Amino acid sequence: MNYPPSSCSSSRISLVLLLVITVLTRSSIVLATSDRYYANSAEYYGDGGDHELLMMERFHAWMAAHGRSYPTAEEKLRRFQIYRDNVKFIEAINRDTTKTFTCGENQFTDLTHQEFLARYTMASHDSVPLDLSSSVITTRAGDITESDSGTTMQVEDTDLPEHVDWREQDAVTPVQNQLQGCHACWVFASVATIESANKIKNGDLLKLSEQQIVDCTAEKCGGGTLQEAFKYVQKNGGIATEEEYGAYTAKAGSCHAGNVRKAVRIQTYDFLPRENETALAEKVVQQPVAVLFDAHDPAFAYYKGGIYSGGQPRTRYVLNHAMAIVGYGKNESTGQKYWIAKNSWGTGWGDGGYVYIAKDMPDKPQGVQGLVAKYPWYPIV
């Protein structure tokens, strides 16, 4: 016997049909929006087609990997255009067989180079001529001049070991991320060397508080100098651990150093003979050293691995970044020497947060592009 459908069954069927129609309608709207989005980006670049769609898919995958989202479709399109240009640049670098390093996508790939410099370096309009006789360098925090202890001298490197890496001695804390908005590379570089020096002398690898220096110095998040960080720790009678004072927040807060225990003290601090990579190597054999660096080269922002030997040629340099040299070595197959620098842009940048910088290049005695040995500073624990 055939029974007519009940009113309840009819309602259920109608509801299902309504949901199906709704889903299809919304899908059509999304697809139409996507088509317009792709068309706009294709018109901007003048190519379009499957390549454009694949690039958009690549961008979406990058967004997901880095947790990125944008408030409007227009902003997303603008960031896609920037991302696409940066990917083209990265791929061009990697096709250049003269380069001894490779580049790759990272957290900076949707930023213009100007945005990258403004957010992640100590940006300055003051430039420094490539002049080996210069004794003064201008940074965002003012002039740095040589003290009486920083005399120029020649150091023979025949007795130095070919390979030094303080990470192998468990004398280097994990790479951190200075994040955007607080130009704190000078803090991270100086604190890294204090941590290592304390481990080498006293046997304890303590994670010290960068936030304390950010909170308690006049420079705060405005950008400072390596010696200002060391000077604060010395005059304050020490620096607290991250656990005692607090973790880095990428913004300046109220100084409460008087309420925490000082975990590590430094007797003094000093810098090495200028523009002398041999002198720098001699000190790195003893302990990591903080150095200034020119991070203006776009290739440096996307460095992924290999020995960084400079991207675009420059005739004038701005020391707008700081890192800690934690060792040096040599590529056994090519014989090319390098410095091992710990950066503060997170482990997603570079080779796990590190960069290997060309060392002892005959035509660049002061350190490739970034003038690694221009003004090296180190603490004495």
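Source: prediction; values computed, not measured.
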Practice item. Let me see the working for Ser209 and Glu244 under side chain to side chain contact (heavy atoms under 4.5 Å, CB included), right down to the final yes or no. Key: CA-CA 8 Å; Ser209 177; Glu244 285 278 344; over 6 Å; no
Using 0.5 Å steps for rounding, measure from the [atom1] atom of [X] to the [atom2] atom of [Y].
X: His163; Y: Glu332; atom1: NE2; atom2: CD; value: 9.5 Å
X: Ile93; Y: Thr98; atom1: CD1; atom2: OG1; value: 8.5 Å
X: Asn276; Y: Glu282; atom1: CG; atom2: CD; value: 9.0 Å
X: Asp294; Y: Thr121; atom1: CG; atom2: OG1; value: 9.0 Å
X: Ile82; Y: Leu77; atom1: CD1; atom2: CG; value: 10.0 Å
X: Ser309; Y: Ile357; atom1: OG; atom2: CD1; value: 11.0 Å

With distance as the sole test, does [X] use its side chain to make a donor-acceptor pair with the main-chain N or O of [Y] at under 3.5 Å?
X: Gln287; Y: Pro379; answer: yes
X: Thr100; Y: Ile307; answer: yes
X: Gln234; Y: Gln267; answer: yes
X: Asn320; Y: Ala295; answer: yes
X: Asn94; Y: Gly104; answer: no
X: Asn198; Y: Asp204; answer: yes
X: Asp165; Y: Arg167; answer: yes
X: Tyr248; Y: Gln178; answer: yes
X: Glu195; Y: Leu208; answer: yes
X: Trp62; Y: Glu57; answer: no

Hey, does [Y] have a side-chain heavy atom less than 4.5 Å from the side chain of [X]?
X: Tyr83; Y: Arg58; value: yes
X: Lys207; Y: Gln176; value: yes
X: Ile239; Y: Tyr245; value: no
X: Ser190; Y: Tyr232; value: no
X: Glu275; Y: Lys374; value: yes
X: Arg84; Y: Met56; value: no
X: Trp166; Y: Lys199; value: no
X: Tyr328; Y: Asp360; value: no

I'd like to know if the side chain of [X] pairs up with that of [Y] as donor and acceptor (distance under 3.5 Å, no hydrogens or angles considered).
X: Gln107; Y: Trp345; result: no
X: Asn331; Y: Tyr356; result: no
X: Tyr375; Y: Gln227; result: no
X: Asn343; Y: His321; result: yes
X: His256; Y: Asp215; result: no
X: Thr249; Y: Gln211; result: yes
X: Lys231; Y: Thr217; result: no
X: Gln286; Y: Lys283; result: yes

Side-chain heavy atoms under 4.5 angstrom apart, residues restricted to Ile, Leu, Val, Met, Phe, Trp, Tyr: same cluster for [X] and [Y]?
X: Val214; Y: Val260; value: no
X: Ile200; Y: Leu160; value: yes
X: Ile213; Y: Tyr269; value: yes
X: Ile340; Y: Val291; value: yes
X: Leu111; Y: Leu179; value: no

Minimal non-hydrogen separation, [X] against [Y], with atom names:
X: Ala281; Y: Lys359; result: CB-CE, 4.2 Å
X: Val175; Y: Gly352; result: CG2-O, 3.7 Å
X: Trp186; Y: Gly224; result: NE1-N, 3.0 Å
X: Ala189; Y: Leu226; result: CB-CD2, 3.9 Å
X: Ala322; Y: Cys185; result: N-SG, 3.5 Å
X: Ala324; Y: Thr193; result: CB-CG2, 4.1 Å

* Show your working on side chain to side chain contact (heavy atoms under 4.5 Å, CB included) between Glu115 and Phe108 and close with a plain yes or no. => CA-CA 9 Å; Glu115 288 173 329; Phe108 305 138; over 6 Å; no
Worksheet item: When the ring centroid of Phe230 is compared with that of Trp377, is the distance short of 6.0 Å?
Response: no
Worked check of side chain to side chain contact (heavy atoms under 4.5 Å, CB included) between Gln212 and Asn236: CA-CA 11 Å; Gln212 181 178 344; Asn236 185 61; 3.3 Å; yes
Atom CD of Glu168 with >12 non-hydrogen neighbours under 6.0 angstrom: yes
Output yes when Arg68 and Glu105 qualify as a salt bridge under the 4.0 Å nitrogen-oxygen rule, no when they do not. no
**Asked** Would Arg79 and Glu75 pass as an ion pair if we require N to O under 4.0 Å?
**Response** yes
Checking Tyr302 now: which residues fulfil ring-ring contact (aromatic ring centres under 6.0 Å, His included) with it, not counting sequence neighbours?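 Expected list: none.
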Kindly indicate, with the supporting measurements, whether the criterion side chain to side chain contact (heavy atoms under 4.5 Å, CB included) is fulfilled by Lys342 and Met323. CA-CA 6 Å; Lys342 179 186 180 184; Met323 297 185 291; over 6 Å; no
Indicate the ring-plane relationship of Tyr303 and Trp349, choosing parallel, tilted or perpendicular according to the 30° and 60° boundaries. tilted
